[in-house]
Amino acid sequence: MRLFDTLSRSERELRPIDGSSFRFYCCGPTVYGPAHIGNFRTFVIQDVLRRTLETGGTRTLHVRNITDVDDKTIRDSQAAGRSLTDFTADWTGKFHADCEKLGLLPPHIEPSAVAHIPQQITMIETLVEKGNAYASDDGSVYFRIASFPGYGRLSRLDARELDLGKTQNARATSDEYEKDSLSDFVLWKARRPEDGENFWPSPWGEGRPGWHLECSAMIQEYLGPSFDLHSGGVDLVFPHHENEIAQSQCACGGHFAAHWFHITHLLVDGGKMSKSLGNLYTLEDLAAKGHSAMEVRYVLIGAHYRKPLNFTLDSLHGAREALAKLAKGARALAARIGPEARLVSADFGPFQAAWDSLTHDLNTPAALGGIFTGLRKAAPLSGADAAAALAGLNRLLRALGLVLPEEAAADSGEIPTEVQALAETRWQARLAKNWAEADALRARLAEHGWAMKDGKDAYTLEPLGA
RNA sequence: GGCGGAGUAGCCAAGUGGUAAGGCAAUGGUUUGCAAAACCGUCAUUCGAGGGUUCGAUUCCCUCCUCCGCCUCCA
């Protein structure tokens, strides 16, 4: 498949450099609170990339880290009066639960920063030995940007711009750190009182690793000096990924990531998502409004990953209807297969255009459009042709990670007896063609929150607003 | 200020130098006691604004407006 690469600014074919499996790394969550839908846009798109590769027959090795030590995790665990370990374990669990609801495949390897302190120290030692890093008097260690000529290539910042940018903040940081250059970033942070019990011994004294370093160290541990793809939200391009490149290429040699895959941020109601505006949604927030995680997933893949996505509650409603329509279409297709043996399709049949969209820079919205169009094209098919089309459709849905809703099961057990009694009375009134009473009873059912729908020989009851 | 991205119907959103996918909503019809559901239709002479290049531009160029991201450890 072809995918846009941030570094070369061009679309490139994805091919595993080791010839067997496609090995990629995704910057994972910082576990100090619930992830929001903005975070999940990135993780869902990464999941679609993996699923698309696998659907296309490529084996993958997916590594995604957990950041469980940094300023925020330390600050919030202390505010909660809990140990860092307990605090981050809880939020990691919550993250995993959300991922499962969204249908995200678990990474093959999910390393935590705290579990890889020795590897991080080793990498810093290497950088110091090679002259790419230096210790300051307070026991912190910094990366010397001047020692890496390639710095700024990914984000297209040249040295002059970097210095200008940092100058504005010189006063804020110069009292705290002794850096040779204001642009230099920290690899090891000397222990400070506000760190509490969260520090580790090192050759430079007690402290903790800097954020940028953890990814480099874990990538070296699990993927080595060169691997296929590195991914994250656009905000990570600078400085996080720029710093990773500098650290890893200096310490390990190799070309580091062959491909850079960045996902654009989403907007909410046309603007920035923020807590103060009250539009920073978590899965839990949306579930409380009656929206399933699969509906959220549908919305998140409803725009191309390099374009802003405008998330609205209205689009969630649209997602529900669209998913229902897909499910209906799939059921209709399955119903036309008949008794013939189910065939495994070699291609995507009527859904070929949808698959082509997906493999051309992961155009998920065009793929969704292609599915609806394919369903229309498949309408006249029956028997073995329908079976092949359905197989193609299912492969596509698997690549997108969409799980279609089942047909609503009539679960009479959950209907209050009072409501059932009203419904039965109304049914009798209706059979007696007593329309006035029937309508009045339907209004009363509505007051109880239920909608009664008349069929030919029976009726169904559904909760209103479902 | 520097760098990068975006503005397509009421909403979400593809796409292209050759005359605008798809979904939601809306709306007409069939059906229904009426509804709902289902099924069959309709729904952008137009792509932020103004210029330019071209036989032809939404697509390329210029200017302007608006929004978003990064420029201190936010996906």
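Order of the sequence lines sets the chain letters (A, B, ...), proteins ahead of strands, with each chain counted from 1.
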Mind checking [X] for me? I need base, sugar-phosphate or nothing, with any heavy atom below 4.0 Å counting as a touch.
X: A:I263; value: nothing
X: A:R208; value: nothing
X: A:P29; value: nothing
X: A:R376; value: sugar-phosphate
X: A:G369; value: base
X: A:H262; value: nothing
X: A:D439; value: base
X: A:G38; value: base
X: A:H265; value: base
X: A:K433; value: nothing
X: A:P365; value: base
X: A:L266; value: base
X: A:G270; value: sugar-phosphate

Using whole Å, report how far [atom1] of [X] lies from [atom2] of [N].
X: A:R306; N: B:G15; atom1: CZ; atom2: C1'; result: 14 Å
X: A:N310; N: B:G10; atom1: CG; atom2: P; result: 15 Å
X: A:D361; N: B:A13; atom1: CG; atom2: C1'; result: 16 Å
X: A:D356; N: B:G15; atom1: CG; atom2: P; result: 14 Å
X: A:Y32; N: B:C74; atom1: OH; atom2: C1'; result: 7 Å
X: A:F4; N: B:A6; atom1: CZ; atom2: C1'; result: 14 Å
X: A:R442; N: B:A35; atom1: CZ; atom2: C1'; result: 5 Å
X: A:K307; N: B:A21; atom1: NZ; atom2: P; result: 16 Å

Decide if the gap between the ring center of [X] and the ring center of [Y] is smaller than 6.0 angstrom.
X: A:F95; Y: A:F43; value: yes
X: A:H212; Y: A:F185; value: yes
X: A:H36; Y: A:Y281; value: no

Would you measure the distance from the [atom1] atom in [N] across to the matching atom in [M] and give it in whole Å?
N: B:A36; M: B:U30; atom1: P; result: 14 Å
N: B:A75; M: B:A49; atom1: C1'; result: 34 Å
N: B:A9; M: B:A26; atom1: C1'; result: 12 Å
N: B:U59; M: B:G52; atom1: P; result: 14 Å

A:R191 charged N/C atom sitting above A:F199 aromatic ring, 6.0 Å / 45°: yes

Between A:E424 and A:Q428, is a side chain to side chain donor-acceptor pair (under 3.5 Å) present by the stated rule, with each step listed? CA-CA 6 Å; A:E424 191 53 39; A:Q428 294 308 325; 3.1 Å; yes

B:G33 pyrimidine/purine six-ring stacking with A:W435, under 5.5 Å and 30°: yes

For a quick test of reading the model: is some side-chain N or O of [X] closer than 4.0 Å to OP1 or OP2 of [N]?
X: A:R426; N: B:A35; answer: no
X: A:K453; N: B:A35; answer: no
X: A:K325; N: B:C24; answer: yes

Tell me whether A:E100 at atom CD has more than 12 heavy atoms from other residues, nucleotides or ligands lying less than 6.0 Å away. no

Does A:R153 have more than 12 heavy atoms from other residues, nucleotides or ligands lying within 6.0 Å of its CZ? no

Is there a Watson-Crick or G-U wobble partner for [N] with both distances under 3.5 Å, and which nucleotide is it?
N: B:U53; result: none
N: B:A21; result: none
N: B:C3; result: B:G69
N: B:U30; result: B:A38
N: B:A9; result: none

Taking A:D5 first and then A:R12, would you say they form a salt bridge - that is, a charged N and a carboxylate O separated by under 4.0 Å? yes

Check A:D138 with A:K189, please: is the shortest side-chain N to carboxylate O separation under 4.0 Å? no

Closest nucleotide of RNA chain B for A:A322 versus for A:R430: which of these residues is on the 5' side? A:A322

Take A:T373 and A:N363, find for each the nucleotide of RNA chain B with the closest heavy atom, and name the residue whose nucleotide sits nearer the 5' end. A:N363

Taking the minimum atom-to-atom distance to the side chain of [X], which one of [options] wins?
X: A:A438; options: B:G33, B:C3, B:A13; value: B:G33
X: A:L267; options: B:C68, B:C73, B:A25; value: B:C68
X: A:D235; options: B:C74, B:G23, B:A14; value: B:C74

Side-chain-base donor-acceptor pair under 3.5 Å for A:D454 and B:C34: yes

Assess whether one donor atom and one acceptor atom, taken from the side chain of A:K189 and the base of B:C73, lie less than 3.5 Å apart. yes

